[in-house]
Number of protein chains: 2
Amino acid sequence: MGIEERKERERERRRQQIMVAAKRVFSEKGFSKTTMEDISREAELSTGTLYLYFKNKEELFASLSFRILQYLLIRLEHVTKETDKGPVEKIAALKDAMYDVYEFDPLIIINMFHLQSSETLMNLSPQILSDMKEMSKKAMREMAKIFQEGIAEGIFIEKHPHALTDIVWSMFSGLVLWEESKRIINPNKDFLKPTLDIAFDILIRGIKRSEEPS
Amino acid sequence: MGIEERKERERERRRQQIMVAAKRVFSEKGFSKTTMEDISREAELSTGTLYLYFKNKEELFASLSFRILQYLLIRLEHVTKETDKGPVEKIAALKDAMYDVYEFDPLIIINMFHLQSSETLMNLSPQILSDMKEMSKKAMREMAKIFQEGIAEGIFIEKHPHALTDIVWSMFSGLVLWEESKRIINPNKDFLKPTLDIAFDILIRGIKRSEEPS
DNA sequence: TATATTTATTGATTTATAGTCATTTAATAT
DNA sequence: ATATTAAATGACTATAAATCAATAAATATA
């Protein structure tokens, strides 16, 4: 029964081949200006074939986002595992992880945030949607750990860790999108890094319990 | 020369008529699922006419966003003018203003944030683009005033007011988008208000100078 | 090895919709 | 009453997503 397995491998290969081509084109042209024909040309396949592996354009794009989220999750798990770091340092590491992921492919990240909408998500197949849901749940849970730890240690004030996670994530995605749209007016200026630093400074100050004499 | 003036008024009327129809359809179906034909049917006009008043679908949508930003600006100006309030209270009022604007038409706001991307903005005519730019600059300047005041009074820590403004705006838009995309998975749960409250609590704590004995 | 069956791929075709433009209709000026 | 200008129309064009009947390739069967 080796044939079935090889076929499965080949199928996965082709899927990856399409994703590699798609990533190239999307990164260069952005989501809406990329056509399925562009991708099929880049992948040296016909348009029809793309639809054998991905339900539609959105789903193909979502698969790329999924890979990036996978990578982010690994980075986050690494951060929470570092036992030598305290919660405050872990939040700084969290920021770095997020920023690194952004830098890895800004355009895919930007578009990912744009497509993170009901209009788009509802076009995905239940399988992919549930995979994405699972992945982001895991990432959020990982981040929440840091806040839980800080609260447990009495370093952070008592707020729902999940709410804090939502805030961090929103702040990050919001800043990425806002700085990107500011760049249209001022193409040379990129304040993402410094603004993100300030945002995290404030966040840490804001959740830290005011030191009291012991 | 009264005819020219009347014509101008009529032209503006028709423009508004289209925008009213567009708002109805966009609010109901979202940006991408709305067709220009839908809007023209709702406005009881032909498709061609829409293009006499708006360069394209994005520009028609942007005009709706523009109106909302205008309304937000008025609210913000009101907040900064309230001399009886301190900077901290003004930030709370800022949050309320933002949330009210969101509640006025959530779908338009959500889509506005989604379309706040280079891909879309570059499709707008220079006129509209520069109007939008001007409007958001004004809104940002208004918000920055609050931070400047707080810093001048020694209540807030010394951070660039414009960076703080960017952070507040990003946090708001990020939360709106994130809570919306969470609603696809959990349609009945809406945590925007409480999470926004927590976010602003943390922000205020984070920018407040720690009280020192005088 | 030759033939049948299954699976993968193709690209021409269908479908949908944004945007255009020649024509018509209405308003105003002469 | 007629000419000119402006506004509106909707059939048409262009583009791109998605489909599907036809074809090619791979595998199983005799």
Side-chain angles (χ1 to χ4, degrees), chain A residues 1-19 21-22 25-26 28-64 111 115 119-125 128, chain B residues 1-19 21-22 25-26 28-64 111 115 119-125 128:
Chain A
M1 297 292 100
I3 285 169
E4 265 309 300
E5 285 155 21
R6 175 174 56 75
K7 286 227 169 165
E8 185 46 43
R9 279 199 308 277
E10 279 172 357
R11 212 185 135 72
E12 189 49 35
R13 265 261 180 96
R14 183 126 294 178
R15 216 184 118 90
Q16 292 303 322
Q17 171 194 358
I18 294 168
M19 284 170 74
V25 188
F26 280 135
E28 197 200 316
K29 309 179 112 187
F31 181 78
S32 60
K33 274 176 196 150
T34 295
T35 71
M36 290 302 265
E37 218 200 305
D38 289 337
I39 296 168
S40 67
R41 206 180 310 113
E42 181 73 29
E44 296 175 296
L45 289 166
S46 68
T47 30
T49 305
L50 302 190
Y51 287 91
L52 294 172
Y53 292 84
F54 299 92
K55 191 188 155 208
N56 53 37
K57 191 179 163 184
E58 268 124 357
E59 188 152 322
L60 174 49
F61 188 88
S63 304
L64 294 176
N111 278 294
L115 298 180
E119 271 188 60
T120 306
L121 292 175
M122 286 188 313
N123 281 331
L124 304 180
S125 60
I128 296 280
Chain B
M1 298 292 100
I3 285 171
E4 266 310 298
E5 285 156 21
R6 176 177 54 76
K7 284 228 169 167
E8 184 46 43
R9 279 200 307 278
E10 281 174 354
R11 214 185 134 69
E12 189 49 36
R13 264 264 180 94
R14 184 124 296 180
R15 216 184 117 90
Q16 292 302 323
Q17 172 194 358
I18 293 168
M19 283 170 72
V25 188
F26 280 134
E28 195 199 319
K29 308 178 111 187
F31 182 78
S32 58
K33 274 177 198 152
T34 296
T35 72
M36 290 302 265
E37 218 201 306
D38 289 338
I39 297 167
S40 68
R41 204 180 312 113
E42 180 73 29
E44 295 174 297
L45 290 166
S46 68
T47 30
T49 306
L50 302 189
Y51 287 92
L52 295 173
Y53 292 84
F54 299 92
K55 190 187 154 210
N56 53 37
K57 190 179 163 185
E58 268 123 357
E59 188 151 321
L60 174 49
F61 189 89
S63 305
L64 294 177
N111 278 294
L115 297 181
E119 273 188 59
T120 306
L121 292 174
M122 287 187 312
N123 282 332
L124 303 180
S125 61
I128 296 278

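Every chain is numbered from 1, with letters handed out A, B, ... down the list of sequences.
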Backbone of B/Asn123 reached by a side-chain donor or acceptor of B/Lys55 within 3.5 Å: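 Checked: pair present.
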
DNA chain D: A/Ser32 or A/Gly48, which has the more 5' nearest nucleotide?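 Nearer the 5' end of the strand: A/Ser32.
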
Go through the steps for A/Arg41 and A/Glu37 under the test salt bridge (Lys or Arg N to Asp or Glu O under 4.0 Å), then give the verdict. CA-CA 6 Å; A/Arg41 206 180 310 113; A/Glu37 218 200 305; 3.5 Å; yes

How many Å lie between [atom1] on [X] and [atom2] on [N], as a whole number?
X: B/Leu50; N: C/dG19; atom1: CG; atom2: P; value: 11 Å
X: A/Arg11; N: C/dA8; atom1: CZ; atom2: P; value: 7 Å
X: A/Phe61; N: D/dA17; atom1: CZ; atom2: C1'; value: 17 Å
X: B/Phe54; N: D/dA8; atom1: CZ; atom2: C1'; value: 16 Å
X: A/Glu44; N: C/dT10; atom1: CD; atom2: P; value: 10 Å
X: A/Met36; N: C/dA16; atom1: CE; atom2: C1'; value: 16 Å
X: A/Arg13; N: C/dA8; atom1: CZ; atom2: P; value: 16 Å
X: A/Leu45; N: C/dA8; atom1: CG; atom2: C1'; value: 11 Å

Pairing of A/Glu10 and A/Arg6 as salt bridge, 4.0 angstrom limit: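 Yes.
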
Parallel, tilted or perpendicular: ring planes of A/Phe26 versus A/Phe61, cut at 30 and 60 degrees: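 Because their plane-to-plane angle is over 60°, the rings of A/Phe26 and A/Phe61 count as perpendicular.
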
Could you check whether [X] gets within reach of a base, just the sugar-phosphate, or nothing at all, counting any heavy atom under 4.0 Å?
X: A/Thr49; result: base
X: A/Tyr53; result: sugar-phosphate
X: B/Leu52; result: base
X: B/Ser40; result: nothing
X: A/Arg14; result: sugar-phosphate

Ignoring backbone atoms, establish whether B/Ser46 has a side-chain N or O less than 4.0 Å from OP1 or OP2 of D/dT9.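 So the side chain of B/Ser46 is within the cut-off, an N or O lying under 4.0 Å from OP1 or OP2 of D/dT9.
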
Map B/Asn56 and B/Glu10 onto DNA chain C by nearest heavy atom, then report which one ends up closer to the 5' terminus.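 Closer to the 5' end of DNA chain C: B/Asn56.
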
Closest approach to the side chain of A/Thr47, judged atom by atom: which nucleotide of C/dG19, C/dA8, D/dT19 is it?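 Minimum distance to the A/Thr47 side chain belongs to D/dT19.
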
Which of these nucleotides, C/dG11, C/dG19, D/dA18, is closest to any side-chain atom of A/Tyr51?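 Nearest listed nucleotide: D/dA18.
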
May I ask you to check whether B/Arg14 and B/Gln17 show a side-chain donor-acceptor distance below 3.5 Å?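 The answer is yes; a qualifying pair exists.
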
